[in-house]
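A short write-up of the structure that comes next.
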Amino acid sequence: MAAASRFVCQSCGAEHRKWAGRCDACGEWNSIVEETVSTGGTPGGLKGKKRGRQIAFESLTGASEPPPRMVTGINELDRVFGGGLVPGSVLLLGGDPGIGKSTITLQAAARLGMKGVRCVYLSGEEAIDQVRLRARRLGLEASPVQLAAATNVRDIISSLSAERADLVVIDSIQTMYLDTLDSAPGTVGQVRGSAQELIRHAKETGAVLMLVGHVTKDGQIAGPRVLEHMVDAVLYFEGERGHQFRILRAVKNRYGATDEIGVFEMTDHGLDEVANPSALFLDRRDQDVAGTVVFAGIEGSRPMLMEIQALVAPSALGTPRRAVVGWDSGRLAMVLAVLDTRCGLALSGHDVYLNVAGGFSVREPAADLAVAAALISSIAAKPLPKDGIYFGEIGLAGEVRPVSQADARLSEAAKLGFRQAVIPERKGRKGTVEGMSVMTVNQLGNLVDLIYGDDGRP
Ligand code: TYD
Ligand code: MG
């Protein structure tokens with residue numbers, strides 16, 4: 001049987017007659033790779049060929065012992081992993097350049113190394129001396145982590161076969177290349193090809209593979225969205241440059257809950273865990289300022305309180321400004337429209353600024369009510385009670401809808417010394433929490449009346 005070539009785009013799978021620099025089907029550059037196929041019969045068809053090996057089928061109830069997880073001892077990290085690293089699993093850790101990916105992976109590897117886990121750290125970006133310098137700064141130089149600066153996947157796999165590692169860190173996957181592919185490192189084909197080879201090797205040996213990947217502006221890991229489905233867990237490291245807080249978020253995890261977050265603080269000796277993020281995001285609340293409220297949110301499995309600030313000011317511009325940091329600008333536009341149409345608060349001539357303090361980014365619709373409270377408080381120039389919290393989703397008709405895990409939100413707030421809450425009505429539940437007075441609103445208008453109080457609306 002003769003061998004023939006076909007040219008397959010590694011990004012979308014389209015087949016081409018001949019090689020081209022750019023795939024017509026998906027527009028990706030440098031993604032077309034030559035593959036050999038044997039001709040005769042349906043390409044790749046099995047009919048009339050050698051029979052395959054028999055596979056043994058099993059029932060769902062079979063006894064399988066889950067292998068023990070590797071626990072780093074960094075609680076914030078272990079929680080995001082789903083309770084430690086599962087042997088044989090592959091993780092992708094994405095984030096902006098400079099956010100702290102190399103730091104957290106080195107910390108994790110060093111901690112595991114000290115517990116007797118054989119760790120290999122392969123850096124494609126930094127020289128060994130740079131990694132050593134960082135380890136010294138982190139106070140981790142005593143850990144028996146094996147270091148190498150390498151980018152050729154063939155060399156890496158040969159060396160790993162000799163090393164018998166339990167954890168392999170690849171920093172970063174965009175610097176790795178397969179010498180069998182023509183395209184440059186960092187291209188879709190190279191990233192996917194290198195990852196595939198490394199994953200295959202890791203699955204064979206049962207090692208944990210941690211792939212570090214850089215993210216582009218729009219929040220996707222550069223080029224290889226394709227990696228996300230090849231790995232067992234995808235973690236993103238987020239944070240604002242100007243703030244020292246870093247959030248590690250699991251967006252996919254075959255061995256744990258997604259949406260789980262770990263909170264860290266970047267210090268001069270590396271990333272420290274933040275065990276009680278609520279207290280941290282609320283630390284500077286000593287004066288009465290209109291437009292500032294506390295939102296009781298849920299991040300993953302954990303309640304978290306944060307401060308939302310709004311500033312509404314008359315605009316000198318024809319089109320007033322709307323600036324949002326840490327929240328969705330589309331949702332702000334919706335809340336403003338509902339306040340305008342359903343509650344008669346005219347905001348069209350005002351600039352609106354909204355900020356989630358501390359550089360945190362809120363994604364829950366449950367923040368609607370807190371945002372609305374901050375806006376109303378700012379327009380009315382009335383500071384809200386300092387010991388109050390808010391949460392609830394707002395609908396287009398101006399209704400306030402219930403949100404999940406209200407009890408967890410309330411008890412976290414009570415624990416941190418909050419004494420009042422304004423929340424949606426809960427069917428069949430009388431909202432009482434020890435030491436806290438809970439007020440329910442079912443229309444946004446109720447909240448407006450509540451804040452304006454005796455003064456009446458404007
Ligand atoms: P790094 O882990 O190299 O980021 P990434 O791998 O995601 O590109 O982190 C680099 C930043 O972290 C750099 O700006 C310096 C800062 N940093 C500290 O503030 N303290 C430390 O102890 C370390 C190691 C880094
Ligand atoms: Mg790095």
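Read the numbers this way: they start at 1 and go in the same order the structure lists the ligands and their atoms.
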Next on the checklist: I'd like to know if the side chain of Asp171 pairs up with that of Ser102 as donor and acceptor (distance under 3.5 Å, no hydrogens or angles considered).
Outcome noted: yes
Checklist entry - Can you find a pair of side-chain heavy atoms, one from Gln146 and one from Tyr121, that are under 4.5 Å apart? => result no
Item to check | Validation row: Leu369, Val403 side chains within 4.5 angstrom (heavy atoms) | outcome: no
Next on the checklist: Residue by residue, ordered by chain and number, which ones reach under 4.0 Å of ligand 1 with a heavy atom?
Outcome noted: Asp96, Pro97, Gly98, Ile99, Gly100, Lys101, Ser102, Thr103, Arg134, Arg137, Leu138, Met266, Thr267, Asp268, His269, Gly270
Next on the checklist: Would you say Gln244 and Thr267 are linked by a side-chain donor-acceptor pair, where the criterion is simply a distance under 3.5 Å?
Outcome noted: no
Next on the checklist: Whether the Ser183 and Asn30 side chains hold a donor-acceptor pair (N or O, under 3.5 Å, no angle test) is what I'd like checked.
Outcome noted: no
Item to check | Sequence-distant partners of Phe360, ring-ring contact (aromatic ring centres under 6.0 Å, His included), two or more places apart | outcome: Phe281
Next on the checklist: How about CZ on Arg322, more than 12 heavy atoms from neighbouring residues, nucleotides or ligands closer than 6.0 Å, or not?
Outcome noted: yes
Checklist outcome for this item: Total protein N/O/S atoms sitting under 2.8 Å from the Mg ion (ligand 2), waters ignored, is 1
Checklist entry - Any side-chain donor-acceptor pair under 3.5 Å between Thr72 and Asp78? => result yes
Next on the checklist: Which residues pass the side-chain hydrogen bond (donor to acceptor under 3.5 Å, both in side chains) test with Lys252, not counting sequence neighbours?
Outcome noted: none
